[in-house]
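These figures come from a predicted structure and were not determined experimentally.
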Amino acid sequence: MDRQLWTPTRWAQNHDVRLAFDTWIGADKGEPLLLIMGLAVNRQWWPDDLGHALAEHGFSVARYDQRDAGESTHLPPTKPRGPFSALLGRRGEAYTAEDMADDAIAVLDELAWESAHLFGMSLGGAVAQRVAARHPDRVRTLTSMSAVPGDTGGLNTLRYIDLRSIPRLSRMKYPNTKEGTIQAHLAISRFCASPGHPFDEQKARAQAERLADTGTRDTQAQSRQIGAQWHGPAINTITVPTLVLHGQDDPLIRPRAARVIASRIPGARLVTLPGVGHDIPAPVRHTVAAEIRALADHSAEAR
């Protein structure tokens with residue numbers, strides 16, 4: 001798509017953290033929907049045709065860069081350690097998971113949205129769960145995809161991770177160069193790719209060159225995000241209508257995580273996607289948009 005699809009970057013503020021966001025052009029009158037992307041990568045990882053499908057289903061779509069990702073504020077370096085060691089740490093050294101949840105609220109405030117539907121992917125799914133638990137009055141519905149339970153942490157997280165992925169991801173080290181950034185993007189894209197759908201190497205490389213996203217190789221930012229500890233309510237306190245999506249062939253987060261989330265959030269609906277990995281491949285994007293639309297419609301009928 002050559003035409004401009006997203007507005008120029010806008011900014012929200014949560015204390016000292018500046019958050020970059022934009023909105024889908026031409027859908028201003030739809031129901032507000034905020035997209036929250038995963039570990040340390042920028043908001044442009046959300047596929048444009050998913051944004052288009054969501055807009056067609058009646059949503060006004062916004063997406064933002066979490067702290068330590070994309071154009072948003074990157075925090076000062078902390079003690080060097082890898083993401084997996086940070087995952088097992090007892091406390092985050094840079095900020096809390098509550099801070100990350102409050103970043104989403106700062107974006108809603110800047111958009112003048114009193115409440116919104118939330119759709120979070122991977123770490124963004126855990127963040128979306130935390131927003132729903134911490135700020136229930138600001139959330140209309142919750143969709144969590146390819147995520148672990150938002151209130152889990154430390155060693156407990158390992159029960160949801162495919163342990164075969166750890167050595168593979170740990171070997172992904174790339175230089176601080178343009179080509180290193182491209183290679184890191186390609187490696188992560190290949191790893192996350194859905195086995196039931198063909199991986200387009202040429203398209204993935206073009207995307208890597210266009211996004212120039214250093215988050216895929218920034219282990220410091222990854223460690224700060226993944227090490228942020230949650231001290232808020234348990235996810236079984238979430239009362240908003242909830243949809244849990246998960247790829248049956250996710251190479252990183254075991255489908256068991258989705259089953260646990262759906263069992264613990266009252267009334268949550270679980271949808272597993274055959275042949276899908278840790279991504280949202282093109283053939284299922286309209287399905288995902290339709291599921292979120294159905295959730296919103298059911299919520300409106302229940303009110």
Side-chain angles (χ1 to χ4, degrees), residues 12 14-15 17 19 21 32-41 43 62-69 72-73 75 83 86-87 89-109 111 113-154 156-157 159-161 221-246 253 257-258 260-268 292 295:
N14 181 15
H15 299 290
V17 172
L19 301 153
F21 71 93
L33 170 65
L34 183 65
L35 306 180
I36 311 176
M37 186 36 76
L39 183 64
V41 296
R43 65 191 188 275
R63 58 184 187 176
Y64 75 101
D65 290 332
Q66 295 202 67
R67 59 176 63 202
D68 267 326
S72 293
T73 298
L75 280 293
L87 178 67
R90 293 185 178 180
R91 64 185 180 87
E93 297 180 356
Y95 42 80
T96 67
E98 285 89 336
D99 293 327
M100 296 180 72
D102 291 349
D103 288 344
I105 298 302
V107 176
L108 296 188
D109 288 344
L111 285 161
W113 288 353
E114 292 185 5
S115 62
H117 304 280
L118 300 185
F119 178 19
M121 174 75 183
S122 193
L123 177 66
V127 172
Q129 294 170 51
R130 294 162 182 164
V131 176
R134 183 170 167 84
H135 302 282
D137 58 323
R138 303 299 299 272
V139 180
R140 299 187 184 189
T141 66
L142 163 66
T143 299
S144 174
M145 182 170 182
S146 304
V148 301
D151 56 0
T152 195
N156 288 331
T157 310
R159 70 180 65 182
Y160 304 115
I161 293 177
Q222 295 166 16
S223 297
R224 290 191 293 270
Q225 283 193 354
I226 207 169
Q229 302 295 302
W230 176 247
H231 310 93
I235 63 170
N236 56 14
T237 65
I238 293 173
T239 57
V240 302
T242 298
L243 170 67
V244 183
L245 301 173
H246 209 99
I253 307 297
V260 169
I261 295 168
S263 70
R264 293 188 56 210
I265 298 177
I292 296 173
L295 177 69

Report summary line: Rounding to 0.5 Å, atoms CZ (Phe119) and CG (Leu295) come to a distance of 11.0 Å
Query - pair Tyr64-Ser72: side-chain heavy atoms closer than 4.5 Å - result: no
Query - Residue pair Thr96 / Ala228: nearest heavy atoms and the distance that separates them - result: C-CB, 3.6 Å
Query raised in the report: Quick one: are Phe21 and Leu111 in side-chain contact, heavy atoms under 4.5 Å?
Result: yes
Requested in this report: Side-chain contact test, heavy atoms from C-beta onward, threshold under 4.5 Å: evaluate it for Thr143 versus His117 and give yes or no.
Outcome: no
Query raised in the report: Side chains of Thr73 and Arg67: does their closest heavy-atom pair fall under 4.5 Å?
Result: no
Query - By salt bridge (Lys or Arg N to Asp or Glu O under 4.0 Å) - contacts of Asp109 (at least two apart) - result: Arg138
Query raised in the report: What distance separates Met121 CE from Met145 CE, expressed to the nearest 0.5 Å?
Result: 4.5 Å
Report summary line: When every non-hydrogen atom of Ala126 is compared with those of Ala147, the smallest separation belongs to N-CB, 3.8 Å
Requested in this report: Dump the intermediate steps for side-chain contact (heavy atoms from CB on, under 4.5 Å) on Gln129 and Ile238, then the final yes or no.
Outcome: CA-CA 8 Å; Gln129 294 170 51; Ile238 293 173; 4.3 Å; yes
Query raised in the report: If you round to the nearest 0.5 Å, how far is CG of Leu75 from CD of Gln225?
Result: 9.5 Å
Report summary line: Between Pro149 and Val260 the two heavy atoms that sit nearest each other are CG-CG1, 4.1 Å
Requested in this report: Nearest 0.5 Å please: distance from the CG atom of Asn14 over to the CG atom of Asp102.
Outcome: 5.5 Å
**Report entry** Within-4.5 Å side-chain heavy-atom neighbours: Ile253 and Ile161
**Finding:** yes
Query - side-chain contact (heavy atoms from CB on, under 4.5 Å) between Leu243 and Leu142, intermediate numbers included - result: CA-CA 6 Å; Leu243 170 67; Leu142 163 66; over 6 Å; no
Query raised in the report: Out of Val139, Val240, Ile292, which residue meets the side chain to side chain contact (heavy atoms under 4.5 Å, CB included) rule with Leu118?
Result: Val139
Report task. Using a 4.5 Å cut-off on heavy atoms from C-beta on, say whether the side chain of Glu98 contacts that of His231. Result -> yes
Query raised in the report: Tell me, do Arg264 and Asp151 make a side-chain contact under 4.5 Å, heavy atoms counted?
Result: yes
Query raised in the report: How long is the gap from CG on Leu19 to CE on Met100, to the nearest 0.5 Å?
Result: 10.0 Å
Query raised in the report: Is there a side-chain contact (heavy atoms from CB on, under 4.5 Å) between Tyr95 and Asp68 once you walk through the steps?
Result: CA-CA 11 Å; Tyr95 42 80; Asp68 267 326; 2.7 Å; yes
**Report entry** Shortest non-hydrogen separation from Ala94 to Arg224 and the atoms involved
**Finding:** CB-CD, 3.6 Å
Query raised in the report: So, for Ser115 and Pro32, which heavy atoms are closest and what is the spacing to 0.1 Å?
Result: O-CG, 3.3 Å
Report task. Measure the spacing between OG of Ser263 and CD1 of Ile235 and express it to the nearest 0.5 Å. Result -> 7.5 Å
Report summary line: With Leu123 as partner, the option from Ile226, Leu39, Ile36 fulfilling side chain to side chain contact (heavy atoms under 4.5 Å, CB included) is Leu39
Report task. Measure the shortest side-chain to side-chain distance between Arg134 and Ile105 over non-hydrogen atoms and say whether it is less than 4.5 angstrom. Result -> no
Query raised in the report: If every non-hydrogen atom of Ala133 is compared with every non-hydrogen atom of Pro233, which pair is closest and at what distance?
Result: O-CG, 3.7 Å
